[in-house]
Amino acid sequence: MDNKGFISIEYLFSLFIILIIACSLLFYSSSTISSSLNIEDAVSHRIILDSVANEISQVNSNGEGYSKYIELPSDKGYFEITVDKSKLMIEYDGKKGETLLPLLNIDSRYKLVSGNGYHISKNDEGKIVIA
């Protein structure tokens with residue numbers, strides 16, 4: 001401002017440039033935070049899927065009559081794990097992930113829901129049963 005109270009053009013221009021820089025930094029930081037939250041969510045659900053696959057593989061490799069009890073966490077939101085033949089699929093928030101279970105003998109298709117517990121066993125015929 002000069003001594004008469006008027007704002008100069010240079011002052012308005014520099015204020016406009018600072019405003020543009022601040023808005024672009026805000027946009028960049030919000031997209032970065034959103035991206036990191038999505039990655040964290042995907043990794044936590046992938047760990048759950050791998051954990052269930054590991055438990056099923058342990059039951060399969062230990063022979064007939066062996067069983068294990070698993071409890072799916074409920075603090076990660078609602079998700080469903082589908083066990084179908086030799087693969088596991090997880091669905092959550094409109095996203096999907098899958099992993100393969102080689103050398104598995106499963107006759108039926110099972111749906112495992114978050115927050116519930118399941119008993120995994122291998123019956124006398126050598127088939128994996130989840131109840």
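Side-chain contact between Ile130 and Ile56: present, with at least one pair of heavy atoms (C-beta onward) separated by less than 4.5 Å. Two residues are said to be in side-chain contact when any heavy atoms from C-beta on lie closer than 4.5 Å; Leu49 and Ile81 meet this criterion. In this structure, the side chains of Ser30 and Leu26 stay at 4.5 Å or more apart for every pair of heavy atoms. Ser67 places a side-chain heavy atom less than 4.5 Å from the side chain of His119.
Within the structure, every pair that satisfies the ring pair (Phe, Tyr, Trp, His ring centres under 6.0 Å) test and touches residues 60-90, not counting sequence neighbours, is listed here: His45-Phe79.
For the atom pair OG1 of Thr99 and NZ of Lys87, the computed distance is 11.0 Å after rounding to the nearest 0.5 Å. Rounding to the nearest 0.5 Å places OG of Ser121 at 11.5 Å from CD of Glu64. Distance check: Ile33 CD1 to Ser29 OG gives 5.5 Å after rounding to the nearest 0.5 Å. For the atom pair CE (Met89) and OG1 (Thr82), the distance works out to 5.0 Å, reported to the nearest 0.5 Å. Note: Lys76 NZ to Ile90 CD1 = 11.0 Å, rounded to the nearest 0.5 Å.
More than 12 heavy atoms of other shown residues, nucleotides or ligands fall within 6.0 angstrom of atom CG in Leu25. Remark: Asn116 CG is packed, more than 12 non-hydrogen atoms of other residues, nucleotides or ligands lying under 6.0 Å away. At most 12 heavy atoms of other shown residues, nucleotides or ligands fall within 6.0 angstrom of atom CD in Glu40.
In this structure, the side chain of Ser14 engages the main chain of Glu10 through a donor-acceptor pair within 3.5 Å. Although no hydrogens or angles enter the test, the distance criterion places a donor-acceptor pair under 3.5 Å between the side chain of Asn123 and the main chain of Glu125. Here the side chain of Arg46 pairs no donor or acceptor atom with the backbone of Asp41 at under 3.5 angstrom. Judged by distance alone, with hydrogens and angles left aside, the side-chain atoms of Lys96 form no donor-acceptor pair with the main-chain N or O of Glu91 at under 3.5 Å. Using a distance-only test at 3.5 Å, with no hydrogens or angles considered, no donor-acceptor pair links the side chain of Ser51 to the main chain of Ile47.
Following chains of ILVMFWY side-chain contacts shorter than 4.5 Å, one cannot reach Val43 starting from Tyr92, and the two form parts of different hydrophobic clusters.
Ala53 and Leu88 get closest at one heavy-atom pair: N-CD2, 3.8 Å. Of all heavy-atom pairs spanning Pro73 and Asp75, the tightest one is CB-OD1, 3.4 Å. The two atoms that bring Val113 and Tyr118 nearest to each other are N-OH, 2.8 Å, heavy atoms only. Scanning all heavy atoms of the two residues, the minimum distance from Leu101 to Ser57 falls at CD2-OG, 3.7 Å.
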Inset, instruction - Walk me through it: do Leu19 and Leu15 pass the test side chain to side chain contact (heavy atoms under 4.5 Å, CB included)? - result: CA-CA 6 Å; Leu19 186 63; Leu15 189 63; 5.9 Å; no

